[in-house]
Amino acid sequence: MLLPRRAAIAGSALALPRIAVAQADQRPSITIAVQRIANTNTLDNLREQSNVGERTLLMFNERLIDMDWRGNLAQKPGLAESWRRVDDATLELTLRDNVRFHNGDVLTAEDVAYRFSPALAFGDTRPVVDGKTLPHAFSAIVGQGSKKLPDEIPPVARRLFPGLDRVEVIDRRTVRFVNATPDVTLEGRLTAAGAEIVSRRAVEEAESWLAYARKPTGTGPYKIREFRPDVSLTLESHDDYWGGRPPLKSIRIVEVPEVSARINGLLAGEYHFACDIPPDQIAVVEANPAFEVVGGTILNHRITTYDNSNPVLRDPRVRLGLAHAIDRQAIIDGLWAGRTKVPPGMQWEFYDDMFVADWRIPEYDPAKARQLLRDGGYKGEPIPYRLLNNYYTNQVATSQVLVEMWRQVGADVQISMKENWVQIRDRNTVRGVRDWSAGAPFNDPVGAIVSNFGPNGAAQQAGEYRNAEFSQMCVLLETSADRPLRRKAFRRMLEIAEREDPAYTILHQNATFTAKRREIKWTAAPSFAMDFRPGNFAL
Amino acid sequence: MLRFLAIRFGRAALTIVLVVTFAFVVLRLSGDPAITIMSPEAPPEALAAFRTAWGLDQPIWVQYLRYFGAIFQGELGQSMRDGRPALTLVIERIPATLALTLPAFAMKIALGIPAGVYAALHRNSLTDRLVMAGAVAGFTVPSFVLGLILVLVFAVKLGWLPSGGQESWRSAILPVITMGLGGAGVLARFTRSAMLEVLGQPFIRTASAKGVPWGQVVRGHALPNAAIPTITIVGFMVGSLIAGAVVVESVFSWPGVGRLLVVAVANRDLAVVQCILLLVASTMVVSNLTVDLLYGVLDPRLRGRTS
């Protein structure tokens with residue numbers, strides 16, 4: 001076929017600017033190998049509440065209040081440039097000017113209000129008052145073509161914002177979060193996964209909730225080009241990003257389930273980053289001087305919980321004795337290459353004024369452990385220890401070490417491997433101890449100790465733990481605006497749950513490791529989240 | 001012949017029903033999709049809502065009746081992870097899997113059968129021993145070990161080929177070789193045994209004694225008679241084209257049906273697992289049925305028996 005000369009010239013002319021733009025963009029594109037992109041195959045963080053989902057969300061989404069991801073995790077302006085307390089139940093935020101979504105729309109207060117509306121978050125749930133979740137109804141199944149929220153989203157949204165009554169639009173750049181009860185943690189909750197702001201127009205124009213959730217239109221530095229569930233997520237630079245031009249032209253995240261395949265791909269030069277590297281593979285990667293492993297502790301603690309309804313464990317001294325028998329540093333040195341630490345209880349430094357700096361968990365003291373077991377009336381009865389096959393990193397190895405440490409002080413703890421969480425929680429057979437982890441979704445104890453062990457937490461719901469005073473403190477922590485009183489209550493909760501009437505014992509802080517090419521200058525956040533915003537990538 | 005076909009089709013249908021029933025019961029008794037998909041830390045209300053939405057709060061026999069009722073209406077259920085029809089998800093992955101299994105199948109045939117015939121014709125020679133040693137190595141080395149060795153050599157050390165993914169046709173080379181070598185080893189062993197058995201038969205000696213050239217004896221008498229056991233193995237290989245790459249797809253991060261099955265089982269995405277098993281069982285049953293019918297074509301003596 002002959003091409004007419006005019007058409008050829010016109011075609012060349014059209015192609016020229018594109019080539020010029022492409023040549024001007026010298027930014028690198030990278031590939032990241034991860035074990036899993038998303039558990040739910042969606043990218044809406046109210047549904048995708050997993051660690052793996054957290055990894056990508058900073059790339060395309062943003063929240064009103066951000067955290068200092070490369071520093072001490074302190075709160076800092078995000079999509080809101082400032083905020084102020086109207087009263088204990090009301091928070092007013094002023095939005096940044098001229099922030100653009102990936103579809104070109106400018107962020108307004110309407111978008112924020114829509115994000116926290118019944119349509120996109122709360123369904124027909126009502127605020128939690130005095131620690132009681134108000135009833136709600138469920139009916140529909142999310143399916144192809146349905147605009148309705150998946151039924152599991154409103155409860156997740158309610159756990160994150162239990163008391164939120166409404167979000168008022170004051171003007172184009174001002175919103176007011178109004179709670180049904182006083183809540184001093186509202187700022188912290190706005191930093192948590194699930195509080196991301198998306199374009200209202202994009203959601204309304206999506207043909208279904210699923211279509212929206214597969215390609216959320218946020219304001220982050222990278223926009224979603226393509227999401228192939230279970231395969232890959234491709235992002236490209238959002239050049240109108242308010243925080244400056246992103247340092248990468250594109251990011252391709254590929255799902256590589258096998259750790260050996262991730263490491264091989266990194267060493268072969270196909271990937272720039274390989275995530276979820278087990279501690280025992282760090283030396284393997286770093287044996288090649290061109291690569292290094294970064295990362296470390298994250299906002300999550302590995303814990304072992306007790307079922308205090310078990311007659312053998314009913315006496316708190318027995319549970320405390322088990323806690324004193326654990327040489328945690330030995331576990332960290334032996335199984336984590338020394339790259340994590342023993343935290344001071346179920347709390348994190350970013351709790352700021354709620355952090356109980358002088359609190360310590362029960363120390364390793366075998367003699368004391370033996371004495372406590374004796375005093376508690378323990379006579380060598382078997383204690384079942386249910387665990388999954390390495391759901392947590394090093395889980396099985398850690399459990400074997402624990403059983404030996406407990407044996408050293410005379411406790412007969414017997415491992416019982418289970419296949420899933422239903423079997424772990426099954427209350428029809430005798431429960432003893434089990435593994436768990438506790439994360440800090442935001443900078444207040446209600447996000448961890450209350451949410452896991454409080455009246456509405458999984459431990460109490462499953463009948464594993466009961467303590468009336470502890471439960472009262474939980475409600476106080478959730479509803480009181482009296483900061484000194486809250487601090488006092490939290491300290492008392494640590495005393496109860498970790499020493500007086502133990503609900504759990506802390507093992508160590510969790511850690512995540514990412515292997516990368518050494519030539520890449522990049523700082524890992526103390527989180528699963530990977531930050532590739534301006535200023536955090538250079539070759 | 002009609003009775004033969006009726007019995008075969010009846011057995012095939014029963015096999016499929018048993019496989020699907022077994023999968024249905026085992027999956028529901030061995031895990032809760034709500035906790036798996038929503039995470040153990042999810043609020044109890046959210047877990048309850050999920051179970052209600054997907055009918056998991058109903059007695060298992062009610063779920064079973066609903067499932068079978070839906071199958072007869074052509075409805076194989078929706079994925080719990082994203083709400084799309086399970087069949088759509090599976091069909092989307094089939095081309096990727098076939099992109100590995102078909103070339104691997106061709107490689108198995110092209111390498112395995114000639115190697116087996118050659119080894120049989122040179123029985124007890126050095127070549128026979130070498131070919132058989134290679135065949136034994138091929139099918140005894142687990143595919144994940146062979147795959148990782150190939151990756152280490154050709155991707156990490158030499159940098160010639162990608163270590164995984166589905167970027168281009170080059171990405172398929174190592175997984176195809178991994179699957180092809182194992183299957184070729186199996187075929188070589190079976191073909192050799194079948195050929196040796198046939199070559200020891202009186203009609204082979206008779207043909208040779210009558211002066212028929214050896215090549216013609218092999219092509220005209222030995223190979224057709226040795227084909228039946230080989231066809232049986234080939235039938236199994238055809239049956240596993242859809243889901244026969246579970247391990248290799250995981251090792252090479254290849255987004256096919258095998259990977260989908262692993263993820264769906266891990267997440268207890270019930271409809272997807274059941275859909276894949278139904279498809280695999282059907283493929284295997286159809287393949288075996290075809291092999292049964294081929295026996296009659298290959299061996300005229302069997303036609304009389306079946307009719």
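Lettering follows sequence order; numbering is per chain, from 1.
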Are any non-hydrogen side-chain atoms of A/Arg228 and B/Pro255 less than 4.5 angstrom apart? yes
Is there side-chain contact between A/Arg262 and B/Ser253, with heavy atoms separated by less than 4.5 Å? no
Give the table of side-chain donor-acceptor pairs shorter than 3.5 Å for residues 146-167 of chain B, with sequence neighbours excluded, one pair per line with atom names and distance.
from     : atom 1 : to       : atom 2 : distance (Å)
B/Ser163 : OG     : A/Glu270 : OE1    : 2.9
B/Ser163 : OG     : A/Glu270 : OE2    : 3.3
B/Glu167 : OE2    : A/Arg252 : NH1    : 2.9
B/Glu167 : OE2    : A/Arg252 : NH2    : 3.2

When every non-hydrogen atom of B/Arg259 is compared with those of A/Asp230, the smallest separation belongs to NH2-O, 2.7 Å
A/Ala38 versus chain B, the contacting section by heavy-atom distance below 4.5 Å: backbone
Tell me, for A/Gln461 versus chain B, whether the close heavy atoms (under 4.5 Å) come from the side chain, the backbone, both or neither. side chain
Hey, is CZ on B/Phe22 packed in by over 12 heavy atoms from elsewhere, all under 6.0 Å? no
Check whether more than 12 heavy atoms from other residues, nucleotides or ligands sit under 6.0 Å from atom OH of B/Tyr64, and answer yes or no. yes
Count the heavy-atom pairs under 4.5 Å between each of A/Pro257, A/Ser232, A/Ala213 and chain B, then report the option with the highest count. A/Pro257
Pick whichever of A/Val256, A/Leu267, A/Ile424 has the most heavy-atom pairs under 4.5 Å with chain B. A/Val256
Under 4.5 Å from any heavy atom of chain A, what part of B/Arg51 do you find: side chain, backbone, both or neither? neither
Supply the atom-to-atom distance A/Glu258 CD to B/Phe144 CZ, rounded to the nearest 0.5 angstrom. 9.5 Å
